[in-house]
Amino acid sequence: MAQISLTFPDGNARQFDAGITPADVAASISNSLAKKAISATVNGEHHDLQWPIDTDASIAIHTLKDDDQALELIRHDCAHIMARAVQEIWPDVKVTIGPVRDQGWFYDFDREEPFTPEDLGAIEAKMKEIINARDPVRTEVWDRDRVRAHYEATDEPYKVELLDRIPGDEPIRMYWHGDWMDLCRGPHLQHTGQVPADAFKLMSVAAAYWLGDNTRPMLQRIYGVAFKNRDDLRKYLNFLEEAEKRDHRRLGREMNLFHMQEEAPGQVFWHPNGWTIYTTLQDYMRRKQRADGYVEVNTPQVVDRKLWEKSGHWDKYQEHMFIVEVDEEHAQTKAINALKPMNCPCHVEVFNQGLKSYRDLPLRMAEFGTCARYEPSGALHGIMRVRGFTQDDAHIFCTEDQIEAECAKFITFLSGVYKDLGFESFDIAFATRPEKRVGTDAAWDHVEGALEAAIKSVGNPYRIEEGDGAFYGPKLDFYLTDAIGRVWQCGTFQVDPNLPERLGATYIAADGAKHRPYMLHRACLGSFERFIGILIENSEGRLPFWLAPRQVVVASIVSEADDFVHEVVAALKAAGVRAEADIRNEKINFKVREHSVGKVPAILAIGKQEVENRTVTLRRLGEKQTSVLPLGDVVQSLSNEAIPPDQQARATE
């Protein structure tokens, strides 16, 4: 029999008979490894222990200690076990597909009656029975005609269609979990008992069109999550509970910040409270940018397609653009425009007005640019994923030699902004040259070296993402981690020599000749809408005092205190504090509860004693204890807290 060479992770190679399986390889190493093995990676691909190896290859045997492989198999097997459980309970249900996703899996079913929460409980119980039975998992390779005949005989039309969608004429792999069979590329565990019975949970049911096509049948999709052990499942469920408490959509309703409606999908109706957050944050960013040497511009919302064609966006980005056709007066054809999906081309057009000298560079041009991008309706998510948004966008026009200094300057700027907004640290991903790119290797070497040197000069750790840069230049992406461990990509810094080239941007260099500037795309927040959503969820609605839309409520305990309540509100407003009165004929405990739900940072209660002594009783959000303080002291203290962080130093001078 022919021999093959298998190379192990430690570099050692051994000879085996061709056709040996990873299970046999594990057994040749030790009995304990054979018992613990769950799968193998062969030549970089995840393999089932039952698949034969016919050629020389690298191999690594995996056990449940290998998280990535173990979780993939556990979740994939759960999908099959769930489908088997459903058909054992309701034999007339048609099955489709069940891929692994996120923390678990989903599976789509064709059933006339909708699944209920009670049904999910019954499915979970049946799944545990199957797991506890420790039924063997086996696989065979069938020719297509046999697969088709099987699924036509068992009346599984979705499986027949899936078979027709698999390209090529190669044989099809089939898997059995016990007596239940499904076509699947694998890999899978060796028996159902390897799935931890106490580490999975069915989460929800949702409607889903077959293959995502709204002209096809509507199916029912059951979502599940699965982990290696019960503790990991419990941690995840606790995480979901915490995330639900922080959901910006729920807090947006409770704090009366914004709403969305069908007539404007993916666009935000800002209420006064929400708009206060928005404008306060925008004013803060405007001051920070001016102090850092930016000039602010404003460019049109609707731009002729000719500019988008010149910039390259018409060909590469048109599917995400909102097209506007206008019957121009006396024109033979309609004028075709687009709502701008980004600000970059318009900023080049501003740069192109008048001659620029090397002495004008770097030119830092900022815009709070409102953009519109088409996002599929299924991808929209509150104010986190929208179709209409405003970026804290800026572009720096500079020479090649200025890239490193501008990058370092931006990282320092961004670090200060994030710290002011409650994020003490961030992660940097450095995306380098892709395989398909423009420009010389020497130019890429210089620019990548400049970015890496800039990161090192400011002392930030970073990771390299090989090949993830744009075709025209490398980039840095900045990631924030919120209070419950979620990671958000917000800031970005991208080097672009391409767009200035396409739109004819030049400057007069010291040698008197025209040169192309580099264009550095940069943003700190990304979009105001998404970043405000992140701030709300990170703080659970308890925004920093200076950013809170309703900073103070002054509440009366008795009607005799109403006049003093208004006096206190006036004093606070005069001191720059956002304050309002609550003199409703309600008990003080009711008022405190209501305003606490609205996440008001400070509530001042005023009764007869406070009126007589010209004091207030201060209660902070989330605190049970109160303190009685003189009016003047409270006004001064809250006035200091209301000062934005970038103005704090000036206020204390």
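Source: prediction; values computed, not measured. Residues: numbered from 1 along the sequence shown.
Remark: aromatic rings of Trp270 and Tyr278 are close, center separation under 6.0 Å. The aromatic ring centres of His248 and His381 sit less than 6.0 Å apart. Taking the six-membered ring for Trp and the full ring otherwise, Phe269 and His259 have centroids separated by under 6.0 Å.
There is no side-chain donor-acceptor pair under 3.5 Å between Thr370 and Gln301. Counting only N and O atoms by type, the side chains of Asp108 and Trp210 include no donor and acceptor under 3.5 Å apart. A donor and an acceptor atom, one from each side chain of Tyr518 and Glu400, are located under 3.5 Å apart. When only modelled atom types and interatomic distance are considered, His46 and Glu72 share a side-chain donor-acceptor pair under 3.5 Å.
The side chain to side chain contact (heavy atoms under 4.5 Å, CB included) search around Tyr358 returns Tyr507, Ala510, not counting sequence neighbours.
Side-chain atoms of Ser527 and Thr390, non-hydrogen and from C-beta on, never get closer than 4.5 Å to each other.
Listed by first then second residue, pairs satisfying salt bridge (charged side-chain N to carboxylate O under 4.0 Å, His left out) with a partner in residues 265-281 number zero, not counting sequence neighbours.
Aromatic ring orientation, Tyr317 versus His320: tilted (interplanar angle from 30° to 60°). Classification of the Tyr472-His521 ring pair by plane angle, with boundaries at 30° and 60°, yields tilted. Ring geometry for Trp546 against Tyr284 counts as tilted: the plane angle lies between 30° and 60°, on a 0 to 90° scale.
When the options Glu406, Gln289, His395 are evaluated for a side chain to side chain contact (heavy atoms under 4.5 Å, CB included) with Arg364, the one that passes is Glu406. Of the options Thr215, Asn214, Leu219, a side chain to side chain contact (heavy atoms under 4.5 Å, CB included) to Tyr209 is made by Asn214 and by none of the others.
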